[in-house]
Amino acid sequence: IPKIRRAFGLPATLLQKLKAHSKNRLTPLTNLESQNPLAQTQYVVTEGGNIFSTYHSDHQTDKSFAIVVAGESGSGKSVYSCLRARLHAEVTVYGLVSGHMVSFKNKPSAEDMNEFGLVREEVDQLLHILEPNRSISNKFNWVYNVKNKLQQRRNSWAKTVLHECLDNFVGGDVDFAMWLDKKAKWERRERPKTTAIIIDEATDLDLAQGLVASIREIKDEYSHLAQKDVMVIITGTGLEAIDMGGRIGTNPDYSKLVTLKTPNLEEIKKGMVTGETEVVEHLYGPDVERPYLKRFEEPVLDAIFKAIERGLFSRVLMTNARMFFRSVLPIMLHEFHQQDDGQISERRRLARLEERLVQIASVGPIMDHGPRFYVNQNSVAKMSENSRGVLLKQAFLFHTMRAIDDGLSDCPKESNADRELNYIKKRIRELRNDLSKEDGEETDVEDQISEEIFEVGLATRTTTSNALKYLSCFGLSCSVRSGFGKEFEEMVALHYMRLKQVEGFETKRVTLKHAWPPKRNKGSLWEQILNLPDKLNEQFETETGDLQRDPAIDKSCLVFSQGTATAQGGDVLALVMEGKKGRIDTIQCKNISKKTYAPADVREKWWPRLGVFVRKEIDFNLYPQRGKNKTWSEESPEMANAHYSLVGLEKLAELCKERCSLDEVTIGHRIIATSLAMNKITSNFPIPEDADLRVWFREMLEPTISVLVPSDAIELEEEG
């Protein structure tokens, strides 16, 4: 019909104009020309995606609901929402929420909204206290009145943001503006049968919940946009929290949740075999080189996708759609990698291609293009370097804190977890203070993770992809296999470095020439203790490790690897410097791969390596001193071993003080880091109460310990 009208010189109908305007203004799909949106929505794994198929079966206003599309940043929410809308509606209105719109929430005309977020949280907490006891809560009806008023103001503000989003979409088009204007008298038959309204980047939970709470009013207000029904889609990072309840104005009947997960590799491969590459082309963007936009032979794609799933870094980064489509896939599909000897068999050529790509996918400086690209997109890219860094540090602590919380349900009370959680909360307060100062605010902050890490997509409240966990580690992670001690030591060193970065220290790795102290031999322990000072003095003069301090940096940390694999002391050492003072931290690493562990080993072997003597399980001596004769070393070898390690540690501290021109260097934290999970330890595991002695179980090493390996790669002790 449109072609016939054009042939006779007739003007386009209203519906044709609306469709043309909608297509031109549908920002996420500007470069997408495919006529098969249904197939393209299958490229990402979803939960709840069938909601769209049944949405129009009952379009009564008093039973309607909003569709909320959630998922971490980079999961493809905007594209998915637009494709689904285009599939199930004749015309789509796309509204993009900008930062200045959301800021209206904190600058309303009414005085009671000036501190909306704070007031809402306080009301929530008060209601949480009152609800269990109705006899008391009836006396506090004023609290419920405050709650209702807050809801009304929030909903009014949310609808104001919606109106501005739709006005921006109009873009000066007169016909479109008249169509949106309820006062315009368009014939019913001229309207689209169905219309979809998308509100994208609605990451502010108050905004999203205000829209959800007002959904039936909104659909009634805009019912004139369609003959049958208006579909409302709210899209944003972190909106899965709406499904978790506990916030003002949440009604589960008013919204249905669709959550986007990881890329669907099988569907992507099928589409590329059949030549359906339009969605891949769009997700790469118009300015990215795309040599793979052709029909691939299935055996070649099999080799490529197998390599992606096997590669050390690719198998992690492929869990985020943006990193996969924009980085991992283009790198792996490049024809450069497929060049080979033309005389070899097809079977051998494909096998060589897969192995070559596995190696490429396991090289950090190549594959970390994904995280580097990610931080330059969307809301993350708009942040200052400091703000982004602070939020990434909070994301790192969030994953550690969640792992510890999950492990607390079934573990002994003496698991050391509370102490580590308090450490994390202290760091969170410091980081949030940093953000407050940058924003020009002077306020007391809580020890809870900032909502902003969820709003900008650096983490999710439910299940965060390994790709974003790797980003929060800032690349400081490595692969660890069960029972491989050196790999575990490297991972612990990287985890420690990231923790120091969270505290504001600049970090650097240094490999020492010598072991501190040197490995003992099978001879007399007493004689070796007597000879130890001479050995350490010799090492003092010949140590070539890069022990230097930049005087321009107030807070710096050198993380040492012992000079030999047979060191008697801790496996990981660190010099923590702040101003002219320093301290030596030392970590003993134990990657458990046997079925059981003996608490006696912890007392007699693990702690003494750190210069700590354990007497009667709970009595810890941090500075065991040498006795007057060799009987001491024979009767108490654990104390003698602890003394031997302590002397080496003190000599290293003396060396660091001289080389780094420090006023003093003390012995700091002494830490046991083990792959044991908290719920696998026994109540007689010797855990000290001294603040300078710490125990890190597996949960406390998250996300560093697991981000670069499949979840079952590090076996717990009973599976060894």
Side-chain angles (χ1 to χ4, degrees), residues 364-365 368 371-372 375-376 380-381 383-397 423 426-442 445 471-477 490 492-514 516 540-563 570 572-587 649-669 671 692 704:
D368 70 4
R372 286 186 279 114
V375 297
N376 285 291
V380 181
M383 295 180 174
S384 68
E385 179 184 2
N386 180 65
S387 295
R388 184 166 58 212
V390 168
L391 290 180
L392 281 171
K393 292 172 183 177
Q394 284 197 58
F396 178 81
L397 294 176
Y423 165 84
K426 180 180 179 182
R427 300 283 85 79
I428 291 171
R429 284 195 299 272
E430 292 170 350
L431 291 169
R432 295 195 68 175
N433 267 319
D434 288 345
L435 280 181
S436 297
K437 291 175 182 177
E438 180 169 320
D439 295 338
E441 301 175 4
E442 291 295 336
V445 296
L471 177 63
S472 75
C473 292
F474 221 63
L476 294 176
S477 182
E490 176 67 13
V492 170
L494 295 174
H495 185 76
Y496 179 89
M497 288 180 68
R498 186 58 176 149
L499 286 176
K500 290 296 110 181
Q501 291 177 358
V502 167
E503 293 181 28
F505 288 86
E506 291 199 16
T507 60
K508 178 182 177 181
R509 288 299 299 276
V510 176
T511 300
L512 299 172
K513 176 182 178 180
H514 300 297
W516 297 84
F540 190 100
E541 300 299 330
T542 57
E543 177 60 62
T544 57
D546 186 15
L547 300 175
Q548 295 184 0
R549 178 179 70 94
D550 185 345
I553 301 175
D554 184 62
K555 299 176 69 174
S556 60
C557 177
L558 303 180
V559 180
F560 303 127
S561 295
Q562 288 275 31
V572 177
L573 306 170
L575 171 61
V576 183
M577 297 173 284
E578 189 166 2
K580 296 285 286 183
K581 295 183 179 181
R583 76 168 194 263
I584 295 288
D585 288 353
T586 178
I587 308 174
L649 200 58
E650 290 175 334
K651 194 64 175 181
L652 178 62
E654 183 183 335
L655 174 67
C656 291
K657 176 183 176 182
E658 179 179 299
R659 296 281 182 91
C660 296
S661 302
L662 297 168
D663 291 341
E664 67 174 3
V665 176
T666 58
I667 306 301
H669 296 148
I671 305 167
D692 284 332
T704 318

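Note that the coordinates shown come from a computational prediction; the quantities given were computed from them, not determined experimentally.
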* To do: Please indicate whether Glu664 has more than 12 foreign heavy atoms, meaning atoms of other residues, nucleotides or ligands, lying under 6.0 Å from its CD.
  => yes
* Can you find a pair of side-chain heavy atoms, one from Leu573 and one from Leu652, that are under 4.5 Å apart? -> yes
* To do: Answer yes or no: are there more than 12 heavy-atom neighbours, outside Lys581 itself, under 6.0 Å from its atom NZ?
  => no
* Pairing of Glu503 and Lys500 as salt bridge, 4.0 angstrom limit -> yes
* Give a yes or no on whether Phe540 atom CZ has more than 12 heavy-atom contacts from other residues, nucleotides or ligands under 6.0 Å away. => yes
* Is any side-chain N of the basic residue among Lys657 and Asp663 closer than 4.0 Å to the acidic one's carboxylate O? -> no
* Between atom SG of Cys473 and atom CE of Met497, what is the distance when rounded to the nearest 0.5 Å? -> 12.5 Å
* Asked: Just by modelled atom types, is the Cys660 backbone N or O under 3.5 Å from a matching donor or acceptor in the Arg549 side chain?
  -> yes
* Asked: Are Glu490 and Arg509 close enough for a salt bridge, meaning some N to O gap below 4.0 Å?
  -> yes
* Can you check whether Ala493's main-chain N or O pairs, donor with acceptor, with Arg498's side chain at less than 3.5 Å? -> no
* For the residue pair Glu506 and Ser556, confirm or rule out a side-chain donor-acceptor distance under 3.5 Å. => no
* Asked: Minimum heavy-atom separation for Cys656 to Ile584, with atom names?
  -> SG-CD1, 3.9 Å
* Structure fact -> When every non-hydrogen atom of Lys513 is compared with those of Thr542, the smallest separation belongs to CD-O, 3.5 Å
* Asked: Do Phe396 and His495 make the cut of ring centroids closer than 6.0 angstrom?
  -> yes
* Asked: Do you know the tightest heavy-atom contact between Leu662 and Gly579?
  -> CD2-O, 4.0 Å
* **Shortest non-hydrogen separation from Tyr496 to Asp585 and the atoms involved** => OH-OD2, 2.7 Å
